[in-house]
Amino acid sequence: MNIDGKIAIWKDYQKHIAADKYFYVRSCVRQNFFPGSETTFLRILREELGKDVYEHPCHTTCTGIGYHGDIVPLDTMMTVVARQFALMTEAGYENLVPSCITSFGIYTEVLDTWHHFPETEARVREYLKKATGREFKIPANIAHASDVVYKFRNEISAKAKYKLVNQHTGKPLKVVEHIGCHYSKMFPDKGIGGAEYPYVLIGMVNDWGGEIVDYPERRHCCGFGFRQYLVQANRGYSIACSHKKFESMQPYKPDMIITNCPGCPMFLDKWQYAIAEMEGKTYGENGQGIPVFTYEEVAGLILGYNPWDLGLQTHQVSCEPLLDKIGIPYNAAEKYDGVNGIKLGKPEKPAVLQCV
Amino acid sequence: MVDFGYKIAKDRQIDFDKNDRSIAQYVRKHEPTFNLCISCGTCAATCTARQFTDFSLRKYILLLRRGENKEVIENIHKCMLCGKCQLVCPMGVNTRGVIYRIMEMCI
Amino acid sequence: MKKKVIVIGGGIAGMESSAHLAALGYEVTLLEKSDKLGGHLLNWEKLFPTMRMGKDVVTFLNEGIEKGKVHVVCNANITSAIQKNNQFSVFLENNTTYLADAILVTTGYDLFDARRKEEYGYGIYNNVITSAELEGIFLNGFQIVTAEGNAPKRIGIVHCVGSRDEKTGNTYCSKVCCVTAVKQSIEIKERLPDAEVYCFYMDMRMFGMHFEALYREAQEKWGVNFIRGRLSEACENIDGSVLVKVEDTLAGKPLKMSVDLLVLMVGIEPSAGTKQVGKMLNLQFGVNRFFKTADQHTLTNVSNVKGVFFAGTCTGPKTITNTITDARAAASTIANYLSGHEIDDRIMASDIQLVALW
Ligand code: SF4
Ligand code: SF4
Ligand code: SF4
């Protein structure tokens, strides 16, 4: 593999990412299944980087799941999006930062639609006005939360306590990145590095000391696919996608997976348990699976945050073997102590996948 | 093992690296006109067996080349070696010869 | 006094038309930007469909230039041109000026830059090469080896790279690449009889005389395989081989296959020189960015500027055979023009109006 060829393509796909004053919108999937990631994003931006990040309490779902699941019509989706823009306008912000890839895709798609069909924008403005009395300005900048972390990856590594390096061998960790379909496949020039060789996560991993693994099924979907997973009858297809990716990455012996999209860490993590139960097959070392992280979790880890504050106890594949590899200390006894002293309860150990 | 109510879907992709292409290689060796087939389908449209069953020489030549042998093995005996296909093939494939060689490998 | 013609571009079209113009009694100056005549032909070993040597054709073209005493100027960098009273003055960077009564533009094509087809990984995956690079291996008598230095056991050939493709902006067929794929497949099999060769095509465009016979020979004699489907992407396997994904449109199923070497049949695009000279002479470009001819059927060598003519691939992809024919046609069209036959009298339903340059 010739890295220069990729570097040339990465140069072609750079985009403007605002430097401060962000209007942050959370993700339905993420705030429910691994809320530690969004908390960590805010902590890094506010505490480490001193940025102004605003969250509006009235912000709702972007309807992406419903839209891609065929239950929310296009006009409804666009009107909800218009309402989010209105909240931002009212709060005096211009730089939209969605936490979710699908929201990012939705916002980008809506703006592109309005660009080509101004009459659609006019119609949606009218809907919003009639329904809520609100008006809005088009965002000056839309960057996915990972774009923002990418932008400040050097600042983060300057403050980092750890590197993505195996402390026993001194070698960089082998990292698989998964970008999420809606990040740039629809609009390659809206993603850092484009669609074929997206760079946003690679930039972080390289900067934080790791080594990227490029494997044949890298471009394949994680298997979420909305209407695939959401309907039980289609789940065999959903899990087959993750299965295909694991089979393809396994020969490279990756130490970890870093993900961009809410669906990807969910499915790449949880399906490892399901595959183990269905076929008795595990990936990674010692039957323990390949640990899967969001980019915020990885940033938090190298910054030395407590793994349990990052929410790593909610992962199916245990993170401890990787923490040991890097040399990150953790208190095993506190793993399931929730915030405010509320005990989380200990999950049952699965039969096949070896969990700590 | 847990039954989740669904199974890992089977990959539909033709896995060329793994498939067994020995039948095609055998036919090709003994009947080089096997290579000439361009999948035009003239043979299939005129074939008696094709009209009433799924049998298709066009398809079977192609499937063998890809190593997707199962369907061919199961169906090749529906051919009665009448030779009508050979009359019409624009590429001059010795279709009866091809079928005969396939049958040899499918016994 | 002899009338003067300047020919811009010393590839096949420029050389053959110069020879013919000289034979018709004109004083011909052939301007070539590189240091020698022959153009792309110099980079090809054997030619389809007969497998004769490319250098034979170069020799033939050179003889025409010598016999006609064509004034050849290599390393010619044209900076500007003006037209006054049906007379052209062409200025070069080295301060020389050439005068002419007519100009023939034969600025040809460039090969598609395969890096623009990002998903095929040219310039990234070490075992992805172009048809031009494979031809270079033949021309120089090198071994066909993978990046790892092994003889490839399986080779994939991808048709229509940078042709018939909205995504690259080139929607036209480059015409020569299907038959080049067939020719190169045979040449691979001659060198590596045990290797398997797979061509991935959308349509096999075997339009030329004897092309179909070559295609047949590739199948019957050499066992070259053809899979109908356009490659959707290429990836690298852990051993450095290339995994291709394609819909086998005849089987109606997606297919994946590892190949040790992947050869991209790069298409033809208007050359940088075509764009530059076109701008300088106010020539019109067609939808495909090649020069627009005064009429699609009848005035295929006539430009929108009076006294400026075209030949060869600057008006669209052509085989060598067609380029040579076109070069002679251009010479004859110019002869008509210079002897006072009003060519535009016969323009039928053309949407180009002939104009003077300034
Ligand atoms: S020989 Fe077989 S395949 Fe050919 S037409 Fe007769 S029955 Fe059909
Ligand atoms: S008629 Fe001949 S070329 Fe056409 S599909 Fe049948 S065997 Fe192949
Ligand atoms: S000649 Fe063949 S390979 Fe070339 S552009 Fe045309 S169809 Fe494609």
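Quick caveat: nothing in here was measured; it's all calculated off a predicted structure. So that the names make sense, note that chain A is the first sequence line, chain B the second, and so on, each numbered from 1.
The number of heavy-atom neighbours closer than 6.0 Å to NZ of A:K163, taken from other residues, nucleotides and ligands shown, is 12 or below. Within 6.0 Å of atom CD in A:E285, 12 or fewer heavy atoms from other residues, nucleotides or ligands are found, so the atom counts as exposed in its surroundings. Annotation for A:K15: atom NZ counts as buried by contact number, over 12 foreign heavy atoms lying within 6.0 Å. Around atom CZ of C:F285, more than 12 heavy atoms belonging to other residues, nucleotides or ligands sit under 6.0 Å away. The 12-atom threshold is exceeded at CZ of C:R289, counting heavy atoms of other residues, nucleotides or ligands nearer than 6.0 Å. The local environment of OH in C:Y172 is crowded, with over 12 non-hydrogen atoms from other residues, nucleotides or ligands closer than 6.0 Å.
Taking NZ from A:K244 and NZ from C:K256, the interatomic distance works out to 5.0 Å, rounded to the nearest 0.5 Å. Put simply, SG on C:C235 and NE2 on A:H220 are 11.5 Å apart, with the number rounded to the nearest 0.5 Å.
Counting all heavy atoms, side chain and backbone alike, A:P216 lies closest to C:E236 at CG-O, 3.6 Å. For A:I9 against C:E118, the heavy-atom pair with the smallest separation is CD1-CG, 3.7 Å. Across all non-hydrogen atoms, the minimal contact from A:Y252 to C:I238 is OH-N, 3.0 Å. Minimum heavy-atom separation, C:Y125 to A:R218: OH-NH2, 4.0 Å.
Proximity to chain A is limited to the backbone of C:A234, based on heavy atoms less than 4.5 angstrom apart.
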Item to check | Evaluation steps, salt bridge (charged side-chain N to carboxylate O under 4.0 Å, His left out), between A:E217 and C:K245 | outcome: CA-CA 10 Å; A:E217 295 296 351; C:K245 293 186 190 169; 2.6 Å; yes
